[in-house]
Q: 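Next up is a structure, given as structure tokens.
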Amino acid sequence: MSEIILSVKDMEKTYVGGVHAVRGVSFEVTEGESLAIIGSSGSGKSTVLRCINRLIEPTKGIVKLKGERINTPASDINDVRSRIGMVFQSFELFAHLRVIDNVSLGLIHVRGMGKEEAESKARNVLERVDMLDRVDAYPGNLSGGQKQRVAIARALAMSPEVMLFDEPTSALDPELIGSVLETIQGLAEEGMTMVVVTHEISFARDVADRVIYMDQGLVAEEGPSSIIDKPETERMKEFLSSIND
Amino acid sequence: MASEATIEGARRVPRGVVLFVSVAIFSLIFSISEVSAQEVRSGWEVMESGTEFDLLSAEVHENDIWAFGTGGITIISSDDGVTWSEVLSETSQNLTSSDSNFGAMVVAGNNGTVLLLNDGIWTDLSTDIIGDITDISLTGNNSLVVVSGNTAWTCTINEGGVDWEIVWGDSANSLNSVSFLDSENGLIAGESGLILATNDGGETWDYRDAPGALSEVDIVDIEYFSSIRAYAISEDGHILKSSREGSLAVGFVWSIVEIEREYPAGGSNEWVKGGTEIDYDASSINVLSQSKIMLAGPNGYLSLSKDGGNIVSRQMIPVSNDTSFNAFAMQDGFRGVAVGDGGVILRTENAGSEDFVGFEVADFNDFGQFVDYSKERLMDGLVATAKIVFFGILMGFSLGIILSMLKTSPITLKNVAQTNRYQLLVMVALVPTWAILQVPVLVLRIIRIPIENPLDSTLISYRERSAQISASEPLNIFAIRFIGMTLIVFGVYRILSNLDKISALNLDGWEHIYSPIGAPSAVFWIILGLAIAVLGGIFLSCNGDFSIRDLKVGKAEFSLNPWGIRPLNTIATAYTDIFRNTPLLVQFMFIHFGFELGRRMQEPGLMLFNFEYLQGNANFLTDIFVVYETDPESLAYRRPIGGILEDRAYISAIFALGLNSGAYQCETIRGAVAAIPSGQMEAGRSIGLNYMQSMRLVVMPQAVRICIPPLGNEMVNLVLNSSLAMIIGYAEITRQGKLIVATTFQVFWTWGMVLVSYFLITWTLALFLRYLEERTRIPGLGISGGA
């Protein structure tokens, strides 16, 4: 039995204004596992992800990273975040920094590395996402797929214990999606622990070890990736057929 | 490729223009030509007095000029001071003072000597009950007032004889000078800043307030010139001026004249900043008109000011500089004599002004000659403008950054209420101490001495401790409510204890809108008290639930979010609201004349960086604040001749521009920060940067680029707004323009040249900002048309 890296227990989130986005979600991710969270828009997938690294504070529930509770005021939020990599739907690259500086920023200012050491590590990571040839480019001059791969490299550079992907391909043109998915798949094969919120059902099926289907802030169905082909609940069936159409 | 060529092209044009502008400015500076040879002749002429005695007083009476001196010497001239003859004296006492008025003349001296000349007949009023008389003034053709020692006397001549009456002897301070405007209104000046006034012909005297700075200084001469103006001079060279202010008669309000420039003798253009005292000892002041005054003193000092003391020009004298001048007797605004020790009499027909011989009279209708005359002034103005603009921009930008950070700060009252005692300790005591220690640590690290801040571990452990406490201990609602109660009590107490001061202002109805000016501290405390009481109320209502509260009043629904109030934002908003909703011109006048910021900063500033301290300790940093003249030969020796503290108007102008611009720049920067997508902050936080790091490394660098164009706009505005500094007497370009117009009457040329000067400054600045924008542009970010 491999180690449980991330566990979420009874997570709830009510937004200011009363929207009850997450109504008690629990799951665990073991080392090297990749978990896909699927579900229709507004089902609370992204909220769950953001609650994990506390970009949003969960209203209730416990989040543990390697057995240590991280959603208490006592935990050092900046340290926790540096141990959890996050990739955003809209990339959010630092527009004023070159690719290499985007990746090495955290290494220098969070990990306290020297500039040279940080850059050499950044180059290693950029090589893994196949972006080594554009290290001096500015994000504005990259394609969407390239941007997302740099964003992955930026998260990866911090050597996170778990990576969170928030719909990493939904802002991309169809022909650019492939390269990003390949990169993520490569990471999964290397044994990176990850939670991927995605609309790419085929990707979830091929890459994820487990799939969670969320509906109206609750986990509606959970199981190995094979459940995508044989959904048990009506709602998941509806969801899948609406996507496949 | 085509688009890159356009960028290159766009960059090249401004560079060429910058070069052109620099060449233009430098050629202007170098073209300043030498002034042609000249000769200056003194405006005073030595007259033969026929005596070697010291002449201590002089008087114009009817068509004659009289002079009096030691040993009772009395001489008279009937031809406007050209030839003098001695008159047989009635006394052998020293005659020290005199007065002529109401068709009579009186002269007084040692041991109570008083001689009155009326209708050609001398009357000896001398009395042995008075000692040496220091000054005398007539209040009628048979009544007068004398001062002697620390007493003042009136003397009335009636049929029964001579009545001497003591009218003042209350003060230990001796009285130096007395002057009457008419038979009723008079002034006395004396030791330790003493000024007395009467409005009943000298029967009763009341204290008047001399400026506080003179409370230790003797006022040596006073002259009640007209119903709207009186002047006095102190032994250390302060010129005091009193004007009628509204219904307040002359004598109530005295101010020290700011001496803008002091010129040495000889028609030199090398003036020095005067500060508030003239550079020489003066013992006598003579007022020729409302604003034209002459000064005399020991060491050959004679000077003239045509503008009430703002510009004082020392005069050349045709006798030795050891001569002590004691008095003037002027027949009108131009003709008269000055008398001094050793029987010296100097006569003038132009108020002593120097005659310039060999000067070409400039023809200001000739544009070349006009420019020759005005360029130096404009250049001085250009430099002066550049100085306030530089410091104004520096101050405005720093202030703008700080204010915009306060405005965007996410700290709410909820965060404040959740603060525990360890966090408080960390914030209030530990972090500041740590920061102070960090400075030497960083310096030592720069010179390669690896050293740790000794508080590092303490800080970390306290942070951990406070985090543990906030994790483990529930919110201490009792403590929050107790603090809330205390705040309410304090706030209400503050309001109540200051309300009296507001009612003491005797304001009716809408007049109360001016109460912030009538009782600034009371209004400040009332507003602060209200804020504190409201804050206390919010804290008192704490029940651990910080959510938004919905209220229903009748049909209307309100939602209250008291815990969402951001205190830092509120403070910054109050500041920007005040500065953005009042005109800059009024701010200039309020700051300089009303609040006297310049004076309040200059005095302690010069005390800190005093002449003795800076001798040998001056460096480029202290030079920014003040530079002293260290050449003992110079007229300005020991005077500030450079730096911010040199000139009060300079200080006030920097602050007015900086404080005002800061409010506007704050909004610009805040807008730019708001324009950065929140995802950038999230992305920064997601890799583990803290709030300040994300702000500094991610948000601000992008925001600064966004705000370069609007900030550039603001800075150009600041340059243009700097012209308002003329209103407080700061000699920047616009004021220089006004001075040039006053001399040359060439309105079109002058203001046209001022416009050109402004255009050169602002355009250079605008080009630089355009270049900066081009240089910092991030490829692929934003719509820039071609880039």
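Per chain, numbering begins at 1; letters A, B, ... match sequence-line order. Everything quoted here is computed from the prediction, not taken from an experiment.
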Q: Run the ring pair (Phe, Tyr, Trp, His ring centres under 6.0 Å) test against A:F27 and tell me which residues pass, sequence neighbours left out.
A: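 A:F27 satisfies ring pair (Phe, Tyr, Trp, His ring centres under 6.0 Å) with no other residue.
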Q: Relative to chain B, which of A:H109, A:R83, A:R111, A:M158 shows the most heavy atom pairs under 4.5 Å?
A: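 Heavy-atom pair counts peak at A:H109.
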Q: Quick check on A:I84 against chain B: is it the side chain, the backbone, both or neither that has a heavy atom closer than 4.5 Å?
A: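 Only the backbone of A:I84 comes within 4.5 Å of chain B.
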Q: Kindly confirm or rule out a cation-pi arrangement of A:R154 over A:F94, judged by NZ or CZ under 6.0 Å from the six-membered ring centre and within 45° of its axis?
A: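 Relative to the ring axis of A:F94, which defines the angle, A:R154 lies inside both limits.
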Q: Run the salt-bridge test on A:R23 and A:E12 with the 4.0 Å N-O cut-off and return the result as yes or no.
A: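 No.
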Q: Does any heavy atom of chain B fall under 4.5 Å from the side chain of A:N53, the backbone, both, or neither of them?
A: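 For A:N53, the side chain is the part near chain B, not the backbone.
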Q: Check whether A:R98 gets within reach of chain B through its side chain, its backbone, both or neither, counting any heavy atom under 4.5 Å.
A: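 Neither part.
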Q: Could you tell me which portion of A:L142 (side chain, backbone, both or neither) has an atom closer than 4.5 angstrom to a non-hydrogen atom of chain B?
A: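 For A:L142, there is no contact with chain B at all, as no heavy atom is under 4.5 Å.
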Q: Sort B:Q680 into side chain, backbone, both or neither according to what part of it lies under 4.5 angstrom from a heavy atom of chain A.
A: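 Both parts, backbone and side chain.
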Q: Strictly below 4.0 Å, N to O, side chains only: are A:E28 and A:K64 in salt-bridge contact?
A: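 A salt bridge is absent here (no side-chain N lies under 4.0 Å from a carboxylate O).
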Q: In plain terms, say whether B:E773 and B:R705 are close enough for a salt bridge, that is, a side-chain N and a carboxylate O under 4.0 Å apart.
A: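 Not counted as a salt bridge, because no side-chain N and carboxylate O are separated by less than 4.0 Å.
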Q: For A:E57, is there an ion pair with A:K13 - N to carboxylate O distance below 4.0 angstrom?
A: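 Judged by the 4.0 Å cut-off on N to carboxylate O distance, A:K13 and A:E57 do not form a salt bridge.
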Q: Taking every heavy-atom pair that is under 4.5 Å apart, which of B:T776, B:L689, B:L697, B:N690 has the most such pairs with chain A?
A: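 Heavy-atom pairs under 4.5 Å are most numerous for B:L697.
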